[in-house]
Number of protein chains: 2
Amino acid sequence: MNDPATIEAGIPDDQLLPLRVWLALFSSVKQIEAVVRTNLRESFGSTLPRFDLLSQLYRSPGGLTMGEISARLMVTNGNVTGLIGRLVDEGLVDRLQDEDDRRIQWVRLTPKGNKVFSSMAPANQAWVTEAMAELSEGELRQLQSLLGKLKASVAKVPKRPRGDEDPSAE
Amino acid sequence: MNDPATIEAGIPDDQLLPLRVWLALFSSVKQIEAVVRTNLRESFGSTLPRFDLLSQLYRSPGGLTMGEISARLMVTNGNVTGLIGRLVDEGLVDRLQDEDDRRIQWVRLTPKGNKVFSSMAPANQAWVTEAMAELSEGELRQLQSLLGKLKASVAKVPKRPRGDEDPSAE
DNA sequence: GAGATATATTTTATGTATAAACTATTTTTG
DNA sequence: CAAAAATAGTTTATACATAAAATATATCTC
């Protein structure tokens, strides 16, 4: 991932603003991600995707289906298949088939996975808190609120189902 | 990547706030990325990393070195090597060696690359603008300002050079 | 100016991610 | 109920991304 782009030649400033915000959002996230990723690797030999996945499972003691994980992490099913496979190999997670619907896989943290995540989570919180240390509580709340609005705004973008290209549109 | 995680059990709310903001930032970016990625693929058969790279080159008519590209996109050198290779194959970009320093590669947009990027950029701007349509100009400016502060805050996180683990720290 | 160090980039191994095609089930519907 | 449609997940092919090691060149230092 990289750096959302702009053409800035002769476009009025208010037209440019969303693009600039997007750029700022993008680079902030990359920046924080870099901090967290480095720390996860150096301190725990782990990665952000694995941590996020463990976190979801931690919050769902009853387990999650593959599809639910994929929805929560906002990634494809195929991605989750691979991620879970590695975590199973590491013994942090286990899979079992649903008894009624044989298409469904239930995924849960193993006791080891639970323990490992419990040790990572406070460190992660500390890193993120430190990264945001210069923002006051008020600023953080403002940011949170604006991001909430943004989320709602993006969610309204119509996503046409595939095949709806309408090549003969006027 | 996915969904920055939290343990929320019994932690005071203001301790939790940075983590919540991180979560919100992360998912906003994923959400917008999904919109842009889908549109770039459907409309231009391209991807976000390629678009961002073209954008950087577009803004630097004199060309950029591999290292400079890597710094601007905040990705590793190896990543840029691959990305540029594909863009060269597509004829959108060319590489030439520096005359004085033979380690350096200068990368520029080809005329075709220029043309292609010029057609993509306005569409990209429109998508991002639409995604943020529900935010007022004032809100966007506020967001921009807060993200600027955040960037400065994250930049202050000390990044110890590798090998500075100090395993015997007290 | 030779050896050590630094810089620019590529290569290697691996992990993460997507989209599209596919398999296996379940559910719907005529 | 049988055929069709929907759902859950995996597989495949490919792209993107990292970290670490390697290569090649340039610069520094004595």
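In what follows, chains carry the letters A, B, and so on, assigned in the order in which the sequence lines appear, proteins first and then strands, with residues in each chain numbered from 1.
- The salt bridge (charged side-chain N to carboxylate O under 4.0 Å, His left out) search around A:Glu139 returns B:Lys149, not counting sequence neighbours.
- Atoms CG (B:Asn79) and C1' (C:dA13) sit 15 Å apart, rounded to a whole Å.
- Within the structure, the salt bridge (Lys or Arg N to Asp or Glu O under 4.0 Å) test picks out no pair touching residues 120-131 of chain A (sequence neighbours left out).
- Following rounding to the nearest Å, B:Ile84 (CD1) and C:dT11 (P) show an atom-to-atom distance of 14 Å.
- Among the protein residues, B:Asp100 comes within range of the sugar-phosphate backbone only, with heavy atoms under 4.0 Å from sugar or phosphate atoms but none that close to a base.
- For the pair A:Leu40 CG and C:dG15 P, the computed distance is 16 Å after rounding to whole Å.
- The salt bridge (Lys or Arg N to Asp or Glu O under 4.0 Å) contacts involving residues 111-123 of chain A comprise nothing, where partners must be two or more places apart or lie in separate chains.
- Counting to the nearest Å, the P atom of D:dT25 and the CD atom of B:Gln97 are 8 Å from each other.
- Residue A:Arg102 places its side chain closer to C:dT25 than to any other of C:dT25, C:dT10, C:dT18.
- Residue B:Ser70 is out of contact with every strand shown, counting any heavy-atom pair closer than 4.0 Å.
- Comparing C:dT11, C:dT18, D:dT18 against the side chain of B:Thr81 picks out C:dT11 as the nearest.
- The separation between A:Phe51 atom CZ and D:dT18 atom P is 20 Å, rounded to whole Å.
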Expected rows: protein N/O vs nucleotides 6-8 of chain D N/O, under 3.5 Å:
unit_1, atom_1, unit_2, atom_2, d
D:dT7, O2, A:Arg103, NH1, 2.7

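- For residues 91-100 of chain A, the set of pairs meeting the salt bridge (Lys or Arg N to Asp or Glu O under 4.0 Å) definition, not counting sequence neighbours, comprises A:Asp94-A:Arg108.
- For A:Thr38, the side-chain contact (heavy atoms from CB on, under 4.5 Å) partners two or more places apart in sequence, or in a different chain, are A:Arg41, A:Glu42.
- Straight-line distance from the CD atom of A:Glu68 to the C1' atom of D:dG9: 15 Å, rounded to whole Å.
- B:Ala133 and A:Ser153 make their closest contact through N-OG, 3.3 Å (heavy atoms, listed as atom of the first residue, atom of the second, distance).
- Comparing B:Gly78 and A:Val80 against DNA chain C, the residue whose closest nucleotide sits nearer the 5' end is B:Gly78.
- For the OP1/OP2 pair of D:dA19 and a distance below 4.0 Å, the side-chain nitrogens and oxygens of A:Arg41 include at least one atom meeting the criterion.
- Side-chain contact between B:Asn124 and B:Leu40 is absent, with no heavy atoms from C-beta onward closer than 4.5 Å.
- The interatomic distance linking A:Leu64 (CG) with D:dG9 (P) rounds to 11 Å, in whole Å.
- What separates CG of B:Asp98 from C1' of C:dT7 is a distance of 13 Å, to the nearest Å.
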